[in-house]
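None of the values given here were measured: they were computed from a predicted structure. Residue numbers start from 1 in every chain, and the chains themselves are labelled A, B, ... in the order their sequence lines are given, proteins ahead of strands.
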Amino acid sequence: MSDKILEIKNLNTFYGPIQALRDVSLDVEQGEIVTLIGANGAGKSTLLMSIFGNPRAASGEILYKGTNLVNIPTHKIAKLGVAQVPEGRRVFSGMTVEENLLMGATPIGMSHADEDIKRIYEFFPRLLERRNQRAVTMSGGEQQMLAIGRALMGRPELLLLDEPSLGLAPIIVKQIFTKLKDIAAEGTTVFLVEQNANHALKLADRGYVMVNGQIRLTGTGDELLANDEVREAYLGGH
Amino acid sequence: MDSLAIILQQLVNGLTLGSVYGLIAIGYTMVYGIIGMINFAHGDLYMVSAYLTAIFLALLSFFGIDSLPVVLFLTLLGTMAITGVYGWVIERVAYRPLRNSTRLAPLISAIGISFVLQEYVRINQGSNDQGIPALLFGAVRVPVGNDFFQITYSQILIIVVSLLGMGLLTYVIQKTELGRQCRATQMDRKMSGILGIHTDRIISTVFVIGAAMGAVAGVLVTLNYGSFNFSSGFIIGIKAFTAAVLGGIGSLPGAMLGGIVLGMAESLFSGLVNTDYKDVFAFGLLVTVMIFKPSGLLGKPAVEKV
Ligand SMILES: Nc1ncnc2c1ncn2[C@@H]1O[C@H](COP(=O)(O)OP(=O)(O)OP(=O)(O)O)[C@@H](O)[C@H]1O
Ligand SMILES: [Mg+2]
């Protein structure tokens with residue numbers, strides 16, 4: 001077996017007649033932090049959602065530890081060890097913080113839930129303070145921490161994140177990215193979708209650039225940070 | 001009669017009626033909450049459960065089981081189970097295939113299922129009223145001044161079993177893993193799937209729970225009033241639906257509260273004002289609440305689902 005935890009090959013995904021992903025191929029190695037950057041509407045979220053079969057890929061392969069996910073029902077994918085922090089966080093607004101975390105344990109069952117919740121509270125002390133508060137009443141940054149905590153409750157081997165910096169103050173973004181580094185250091189592979197290219201490329205080992213549903217560029221984080229096209233389009237030309 | 005005695009009597013009657021509305025309203029509200037459709041066949045499931053009650057009572061007496069608590073318990077359990085199966089099958093056959101079609105399609109399908117159930121029962125059981133012999137006799141009389149009001153044992157049974165059923169369901173929904181999964185699926189089905197919840201199975205479970213709670217109402221009312229026919233589910237279904245809307249459709253405590261408020265209002269109006277106009281009053285109450293609180297007593301303001 002290769003040490004590629006995720007390998008996407010020639011993936012095509014449609015919304016009705018609209019093709020959102022064109023022949024996308026990329027891979028992520030065990031233990032890496034890989035980022036995917038691209039402008040609004042490039043297809044980044046579609047790619048992450050395709051991994052969970054929603055929408056289903058029309059053709060191509062999504063190999064997770066060698067298993068093709070393309071025809072596996074959505075609810076079985078988390079059990080294989082993939083978790084997603086989706087765009088817009090999607091915490092369960094009417095539930096408390098603790099209930100949200102419990103939901104994250106669904107793929108592995110509740111037997112480790114108590115010990116894992118403690119671990120998450122140590123990792124995000126803010127969540128402990130708010131454990132009985134309904135998620136809807138929390139700030140954007142707290143909700144983002146909750147969405148990440150919820151995903152970690154399933155003890156994933158591969159963590160997918162969709163624009164965790166969206167709408168957050170720079171200082172909070174910095175905190176969240178530091179946490180992502182910690183998560184990766186503990187052995188979870190991180191695949192990070194971002195528009196905040198500067199932060200993401202600095203954090204990541206490698207990166208991909210998506211334009212109009214296609215992969216345009218790839219390289220190490222530093223290579224992409226130095227790339228003229230990337231600087232022009234995503235880093236404000238600085 | 002002492003007017004205080006009348007009021008107390010009507011409150012007892014209203015609580016009885018309201019518990020029944022509340023039990024049936026649970027099915028409407030949970031199904032609406034999870035898939036956003038009104039299950040027009042739900043009242044007919046209540047009707048089916050009335051027939052099942054009679055069948056179970058006959059079977060148990062045939063086998064010589066005549067201890068009243070045992071008979072009641074087995075009838076309740078058996079009727080809930082079989083009505084639950086009906087609920088499960090209906091969702092699988094009539095609603096799930098239409099899940100990704102227009103919003104109207106499952107509604108039409110539900111109306112179709114309502115006719116199917118009524119005709120199926122009418123053809124097999126006839127269109128005459130059916131009845132069962134009374135099992136519970138007697139009442140507790142409570143003196144008020146130089147008058148009294150009374151609670152029959154059937155009413156006590158209805159109120160106690162309904163409140164127990166509602167309490168148990170509330171516990172399951174609020175405190176258990178299954179309940180959390182139901183709530184999560186209701187709030188965000190796509191995210192629930194990503195978290196590993198088998199959302200189709202949760203939707204089926206909700207149909208089974210709704211049907212079973214309707215069956216509790218069917219058993220209790222049948223034991224109390226004795227008679228029913230193939231169209232018995234219609235009016236009570238509409239009333240329970242009204243209760244669900246009154247309480248805030250989609251909200252479980254709302255359905256129970258809406259049921260009890262509606263039952264109380266109807267009984268008090270009948271007792272104190274006029275019996276003929278009690279339904280006018282009940283629907284008038286609904287309209288009034290809708291004007292001032294369009295999302296119902298405990299409902300949340302509508303938000304677009306993503
Ligand atoms: N549910 C949908 N139905 C139809 N088209 C969609 C749907 N979701 C996304 N699209 C289209 O697919 C394309 C890719 O969208 P996607 O959300 O994947 O982009 P993105 O890279 O995540 O953008 P953003 O950075 O704004 O989140 C866009 O053209 C979008 O309009
Ligand atoms: Mg996106």
Side-chain angles (χ1 to χ4, degrees), chain A residues 16 45 48-56 69 72-96 98-111 113 134-136 143 146-147 149-156 159-162, chain B residues 29-30 32-36 92 96 99-102 170-206 247-255 295-296 298-306:
Chain A
S45 301
L48 290 197
M49 284 296 175
S50 290
I51 295 174
F52 279 85
N54 193 345
R56 286 231 165 258
L69 302 183
I72 294 185
T74 301
H75 69 272
K76 291 193 174 154
I77 288 171
K79 293 188 178 67
L80 300 173
V82 192
Q84 179 167 183
V85 178
E87 183 166 35
R89 308 169 190 112
R90 299 182 94 136
V91 293
F92 297 110
S93 56
M95 288 188 185
T96 64
E98 191 141 323
E99 285 178 317
N100 267 282
L101 292 176
L102 285 172
M103 292 314 305
T106 310
I108 56 168
M110 292 298 144
S111 47
R134 289 198 312 147
V136 66
Q143 288 189 19
L146 179 55
R150 179 179 65 182
L152 293 176
M153 284 293 290
R155 298 189 171 183
L159 179 64
L160 313 173
L161 299 109
D162 196 342
Chain B
T29 221
M30 286 184 77
Y32 182 84
I34 208 150
I35 55 173
R92 284 306 283 256
R96 190 177 298 182
R99 181 94 47 81
N100 296 320
S101 124
T102 66
T170 304
Y171 174 81
V172 168
I173 296 294
Q174 290 303 324
K175 297 290 177 206
T176 66
E177 188 182 359
L178 174 69
R180 274 196 305 275
Q181 294 194 354
C182 289
R183 281 185 289 144
T185 305
Q186 166 162 0
M187 288 179 225
D188 188 339
R189 199 191 310 164
K190 189 167 174 183
M191 189 63 221
S192 298
I194 289 173
L195 288 172
I197 297 172
H198 192 348
T199 53
D200 278 343
R201 188 176 297 158
I202 293 294
I203 291 169
S204 288
T205 306
V206 162
I249 193 140
S251 156
L252 183 58
S295 50
L298 300 182
K300 296 176 196 73
V303 274
E304 270 304 306
K305 284 207 169 170
V306 201

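- For Lys76(A), no part lies under 4.5 angstrom from a heavy atom of chain B.
- From Ile77(A), atom CD1 reaches atom CD1 of Ile194(B) across 9.5 Å, with rounding to the nearest 0.5 Å.
- When the shell of 6.0 Å around CZ of Arg56(A) is examined, it contains more than 12 heavy atoms from other residues, nucleotides or ligands.
- Residues Thr106(A) and Leu195(B) come closest through the heavy atom pair CB-O, 3.4 Å.
- By number of non-hydrogen pairs under 4.5 angstrom with chain A, the leading residue of Gly193(B), Gly196(B), Ser192(B) is Gly196(B).
- In this structure, chain B has a heavy atom under 4.5 Å from the side chain of Met110(A), while its backbone stays farther away.
- To the nearest 0.5 Å, atoms CE (Met95(A)) and CZ (Arg183(B)) are separated by 4.5 Å.
- To the nearest 0.5 Å, atom NE2 of residue His198(B) and atom NE2 of residue His75(A) are 3.5 Å apart.
- Considering every non-hydrogen atom in both Met103(A) and Ala184(B), the closest pair reads CE-CB, 3.6 Å.
- Heavy-atom neighbours of Lys175(B) NZ from other residues, nucleotides or ligands within 6.0 Å: at or below the threshold of 12.
- Residue Phe92(A) touches chain B through both its backbone and its side chain, counting heavy-atom pairs closer than 4.5 Å.
- For the pair Arg150(A)/Met191(B), a side-chain contact is recorded, criterion being any heavy-atom separation below 4.5 Å from C-beta on.
- Here the CZ atom belonging to Arg180(B) is positioned 9.0 Å from the OG1 atom belonging to Thr96(A), to the nearest 0.5 angstrom.
- Heavy atoms of Pro86(A) lying under 4.5 Å from chain B belong exclusively to its side chain.
- Neither the backbone nor the side chain of Met153(A) comes within contact range of chain B, judged by heavy atoms closer than 4.5 Å.
- Of all the listed residues (Ala151(A), Gly88(A), Ala78(A), Ala105(A)), the one sharing the greatest number of non-hydrogen pairs under 4.5 Å with chain B is Ala78(A).
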